[in-house]
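Letters A, B, ... mirror the listed sequences (proteins, then strands); counts begin at 1.
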Amino acid sequence: MKLELHKVKVTDLKWGDKTLFDGGTLYVNKAEIEEMLLEDERFAKVSVDFAKPGESVRILPVKDVVEPRCKLEGENEVFPGFIGDVDTVGCGKTLVLSGAAVVTCGRIVGFQEGIIDMSGPGADYTPFSKTNNVVLVFEPKEGLEKHEYEAACRMAGLKTAHYLACAVKGAAADEVETYELPCFAEAMKSHEGLPKVAYLYMLQSQGLLHDTYVYGVDAKKILPTLIHPNEVMDGAIVSGNCVSACDKNNTYSHLNNPVIKEMYARHGKDFNFVGCIITNENTTLADKKRSSSYAVKLARLLGVDGLIITEEGFGNPDTDLIMNCRKAEKAGIKTVLLTDEYAGRDGASQSLADACSEADAVVTAGNANEVVVLPKMEKVIGFPEYADIIAGGFDGSLREDGSIETEIQAITGATNELGFNRIAAYTG
Amino acid sequence: MPVVHVCTIVPISLTVGANRIVPAVAIPHPLGDPTKTPEEEKQLRKHLVMKALKALQTEVEDQTVFND
Amino acid sequence: MAYRVVHYINQFFAGVGGEEKADYRPEARDGAVGPGLALNGALGGDAEIVGTVICGDSYFADNIEEAKKQILELIAKFEPDAVVAGPAFNAGRYGTACGAVCEAVANELNIPTVTGMYEENPGVDMFKKATYIVKTADSARGMKDAIPVMAKLVLKQLRGEPIGKPEEEGYIPKGVRINYFADKIGAVRAVDMFVKKLKGEPYTTEYPMPVFDRVPPNPPVANLAEATIALVTSGGIVPKGNPDHIEASSASKYGEYSLAGVESLSAETHETAHGGYDPTYANENPNRVLPVDVMRELEKEGVIKKFHETFYTTVGNGTSVANAKKFGAEIAQKLKDANVTAVIVTST
Amino acid sequence: MFGKYEKYKVISNNKILEGQIDCLEFVKGDALSVLEKARDYIHQGWALLNHPLYGNFTPRQQPYRTILLGLRVSKEHKPFNVDLESLGLIEKSILKFRSGMPEGSKNPPRVESVAEDYAILDLYLVSVNLNRYGIKYDFSKAISNGINTGW
């Protein structure tokens with residue numbers, strides 16, 4: 001499968017009568033978006049706003065972040081099962097508005113959503129302080145159930161991302177990246193002498209408001225399966241969860257999965273990257289056992305020498321991570337794990353809820369309990385009063401002067417376990 | 001000075017590095033069984049302690065679990 | 001104005017005398033004394049040793065609470081901005097005193113502290129969480145190397161500068177996880193580590209998993225009929241009312257209780273302090289956890305020579321490995337001193 | 001696999017489940033007391049069917065816990081046969097809860113204002129597992145139990 005990402009660099013956002021792209025600026029027709037989204041009867045109100053890098057702006061509570069993409073050539077459309085049909089994606093050409101993002105913002109449950117600061121110390125922690133954000137703020141119809149509201153917000157984010165990308169069709173790409181991996185028959189024969197490796201990609205799948213979708217299918221209902229990394233770049237994996245902001249993989253980070261990117265970069269040099277296995281993180285122990293065994297079995301069928309394993313979330317997924325690691329290592333497959341930590345505010349508690357001696361190569365995305373103070377911003381998009389109850393925040397965290405004292409758990413993408421950020425931790 | 005560990009959850013004892021291990025009855029009552037009569041229960045306890053003493057008299061080279 | 005530093009040292013380094021002077025009582029002197037002169041130099045004028053507090057190692061060890069109080073008062077009088085203790089190298093009592101003084105200063109005066117010890121000094125395990133302990137050689141020959149590292153750490157704290165990784169700054173890890181921004185993103189670090197692991201090259205995990213120790217087995221009891229057997233339990237059996245208030249979980253202490261004249265435990269005399277299991281059965285009949293009735297019987301029957309009349313008890317539930325190790329070492333020493341032949345440890 | 005338990009037990013302090021499930025043992029108390037109750041049953045041979053740390057909450061965030069237990073169908077059932085995996089998990093989870101409790105407890109989140117959210121989210125997460133094991137309950141009744149406030 002071969003996929004070209006045609007990247008158009010967005011450096012500024014402006015309101016316009018027509019949504020179009022000109023000289024690095026994305027002009028956005030606000031009314032058109034609001035109208036489009038209000039077609040969904042589940043919303044009572046939708047408003048659109050901008051948040052750009054360096055501005056004194058805070059967005060909260062943030063649900064998801066999506067990068068605008070659409071197909072230029074090839075079968076189907078991006079986000080299969082939501083925007084596109086359920087047919088295969090990952091081939092042909094895809095337009096990417098790099099440097100831009102759609103941020104969805106609304107109170108689904110009164111906690112578990114995140115904060116994005118566009119400047120100040122908080123901006124160092126979130127990857128989305130560096131993107132030009134089109135922010136969607138929702139209010140639901142009265143009496144709408146939470147999981148229905150989540151589905152509506154999810155769909156609205158994807159729709160808007162697709163809409164923005166479609167309006168830019170025809171613009172010259174600043175950069176074209178090509179991603180190609182051959183079929184297994186060929187992959188097994190190529191790059192003789194290099195170890196064969198795969199990526200084991202864990203997806204949050206604990207239940208309503210804690211789910212991830214693969215081609216529109218709820219990931220808790222899948223058995224671990226193979227996916228081509230190019231499919232992920234076309235939006236085959238969509239986030240549908242409202243779990244802790246710092247370490248849920250929002251749709252943006254699935255689309256731009258840095259592990260996939262880096263494994264492609266080293267493919268043919270340091271190893272032979274043969275593919276991705278996706279697995280889930282269910283809450284019944286029987287499912288955990290079945291999925292970890294099945295995922296490792298797939299790795300064995302592929303005959304790989306090594307697996308990079310990334311976790312999503314914390315707590316019970318630590319058990320999935322350790323099961324995956326232990327079963328792979330017992331099968332003679334070398335593993336590296338990517339996780340984050342909950343070591344307490346003083347950093348003195350046990351970081352993970354599970355452990356095994358086989359897990360001897362771990363990369364950490366930092367301690368999510370670290371406390372930071374986020375100074376007052378001139379403008380707040382969303383609902384500032386929720387700072388108090390957002391995960392990681394606590395009573396009194398929204399101070400009278402408008403600053404927020406919080407654990408970085410509340411910052412969107414702060415301890416992303418796909419390894420999106422530079423943050424790490426050591427034992428001091 | 002040899003030590004014997006009488007405990008219910010043998011795998012934990014193995015993990016923490018005990019060298020002589022005698023499995024016990026149950027977590028809330030490692031050396032007893034409330035479903036038995038007091039006499040039977042004491043017999044059971046004595047049996048376990050004797051097993052522990054036997055373990056203390058046994059030469060071991062590695063972690064050893066003393067089953068019946 | 002230079003920061004004010006107080007230096008704590010023992011009688012030996014103060015030039016008072018050796019072991020024969022180890023009961024020397026706490027005393028304060030103005031300015032730097034002994035190793036303090038070198039330390040003062042290393043502080044380079046940004047900070048100055050305004051006073052030195054001296055205490056004999058035995059006096060401290062024998063009167064810990066009282067000594068701590070006296071020393072703290074003497075230190076406070078100098079109105080310091082920071083306290084440096086030692087370095088104590090491999091001297092166990094001195095190391096413990098340095099650690100305890102630093103801990104008390106941090107808690108009571110809320111100012112930065114630094115000490116220095118050899119890795120195997122027992123003070124390290126006891127106080128590494130409470131203060132920065134610079135890693136030193138095992139004897140005073142390491143003074144020259146230790147002083148500048150300690151000076152740098154105290155200055156960094158005084159100036160509010162971030163303290164780097166233990167290997168960069170030369171201190172023994174406190175065991176707390178600290179965030180920092182690495183040069184590369186996590187995914188790149190993971191793939192780098194992955195390539196090294198695949199090639200069999202050395203790599204360092206960013207999060208070491210908790211590990212457990214192993215000890216070689218001890219030789220067996222040769223003659224049981226001549227043996228003294230002791231009971232130790234992590235099942236939390238204590239005299240009724242839990243006189244020492246051993247915690248239901250995360251125990252910070254163990255209990256040491258006499259069984260002189262006790263033939264069997266009962267619901268009237270003993271109970272469990274353990275919060276990790278349903279206590280109904282243990283409270284009904286504590287012999288179910290600590291088999292005193294059977295031990296007495298075996299003693300009478302001559303199967304064993306003697307049942308050791310002191311038992312040791314703690315709560316295994318959630319108790320930190322460091323505490324458990326400390327309890328274990330102390331209990332083992334006491335049993336050894338009492339000429340116990342072998343031990344039965346019971347756990348729930 | 002899913003049919004090998006002869007009995008189920010649901011232990012919960014989630015008030016919206018009260019009266020909705022036949023095998024429910026309702027615990028009046030905090031989340032930790034639910035875990036401790038479950039642990040006592042595990043010590044007596046019950047197996048844990050869902051991970052006690054379900055949902056991505058730090059222990060001091062989520063006031064509700066609902067734990068599913070199953071008793072194995074076994075001819076030679078030993079009374080005190082402990083399921084080690086269950087035991088390990090419940091112990092680790094209790095430790096997590098204990099270590100997480102003191103932290104911030106001086107400033108707990110304003111739970112009252114979001115208590116209903118917490119209760120409903122707990123139901124959402126646990127309903128997947130209840131369905132999995134065919135444990136009957138009335139989802140919409142429980143939800144309407146919970147909705148006292150709009151959002």
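- Proximity to chain A (any heavy atom under 4.5 Å) is shown, for C:Val188, by both the backbone and the side chain.
- Side-chain atoms of C:Arg189 come within 3.5 Å of backbone N or O of A:Thr364 as a donor-acceptor pair.
- Taking CZ of C:Arg177 as the start and CD of A:Gln350 as the end, the distance is 10.5 Å to the nearest 0.5 Å.
- The closest donor-acceptor contact from the side chain of A:Glu262 to the backbone of C:Ala187 lies at 3.5 Å or more, if one exists at all.
- Listed by sequence position, A:Asp124, A:Tyr125 are the residues of residues 117-128 of chain A in contact with chain C, using a 4.5 angstrom heavy-atom cutoff.
- Of all non-hydrogen atoms in A:Pro195 and C:Leu198, the two that sit nearest each other are CG-CD1, 4.1 Å.
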A:Leu352 and C:Tyr207: side-chain contact (heavy atoms from CB on, under 4.5 Å), yes or no, with the steps? CA-CA 10 Å; A:Leu352 301 185; C:Tyr207 173 68; 3.9 Å; yes
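- Within 6.0 Å of atom NZ in A:Lys130, more than 12 heavy atoms from other residues, nucleotides or ligands are found, so the atom counts as buried in its surroundings.
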Could you check C:Val195 against A:Phe271 for side-chain contact (heavy atoms from CB on, under 4.5 Å), going step by step and ending with a plain yes or no? CA-CA 8 Å; C:Val195 169; A:Phe271 44 64; 3.8 Å; yes
Start with the C-alpha gap between A:Ser357 and C:Met209, add the side-chain angles, then the distance that decides, and say whether side-chain contact (heavy atoms from CB on, under 4.5 Å) holds. CA-CA 7 Å; A:Ser357 55; C:Met209 291 280 153; over 6 Å; no
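- At a 4.5 Å heavy-atom cutoff, the contact between C:Tyr171 and chain A is made by side-chain atoms alone.
- Highest contact tally toward chain A, considering only C:Lys165, C:Lys196, C:Lys174, is held by C:Lys165 [criterion: heavy-atom pairs under 4.5 Å].
- With C:Asn179 contributing its side chain and A:Asn367 its backbone, the two residues share a donor-acceptor pair below 3.5 Å.
- Note that CD1 of C:Ile178 is 9.5 Å distant from CD of A:Glu370, once rounded to the nearest 0.5 Å.
- With C:Thr205 contributing its side chain and A:Val362 its backbone, the two residues share a donor-acceptor pair below 3.5 Å.
- Of residues 418-426 of chain A, those residues with a non-hydrogen atom less than 4.5 Å from any non-hydrogen atom of chain C are, in numerical order, A:Leu418, A:Gly419, A:Phe420, A:Asn421, A:Arg422, A:Ile423, A:Ala424, A:Ala425, A:Tyr426.
- Here A:Thr427 contributes atom OG1 and C:Glu206 contributes atom CD; the two are 10.5 Å apart, rounded to the nearest 0.5 Å.
- C:Tyr180 touches chain A through backbone and side chain together, each having a heavy atom under 4.5 Å away.
- Only the side chain of C:Lys199 comes within less than 4.5 Å of a heavy atom of chain A; its backbone N, CA, C and O stay farther away.
- The contact between C:Lys197 and chain A is made by backbone and side chain atoms together, counting heavy-atom distances below 4.5 Å.
- Counting non-hydrogen atoms of neighbouring residues, nucleotides and ligands closer than 6.0 angstrom, the CG atom of C:Asn110 reaches no more than 12 such neighbours.
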Could you give me the CA-CA distance, side-chain angles and deciding distance for C:Phe194 and A:Thr335, then say whether side-chain contact (heavy atoms from CB on, under 4.5 Å) is met? CA-CA 7 Å; C:Phe194 190 49; A:Thr335 59; over 6 Å; no
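- Sparse packing is recorded around NZ of C:Lys135, with 12 or fewer heavy atoms of other residues, nucleotides or ligands lying under 6.0 Å away.
- Most heavy-atom pairs under 4.5 Å with chain C, from the set A:Ala361, A:Ala348, A:Pro258, A:Ala355: that is A:Ala361.
- When the candidates A:Ile408, A:Asp360, A:Ile260, A:Val197 are compared by the number of heavy-atom contacts under 4.5 Å with chain C, A:Asp360 comes out ahead.
- Counting heavy atoms of neighbouring residues, nucleotides and ligands inside a 6.0 Å radius, atom CD of C:Glu120 does not exceed 12 of them.
- With a 4.5 angstrom heavy-atom cutoff, C:Ile163 touches chain A only via backbone atoms.
- For a heavy-atom cut-off of 4.5 Å, chain A lies close to no residue in residues 149-162 of chain C.
- Of all residues in residues 306-322 of chain A, those placing a non-hydrogen atom less than 4.5 angstrom from a non-hydrogen atom of chain C are A:Gly306, A:Leu307, A:Ile308, A:Ile322.
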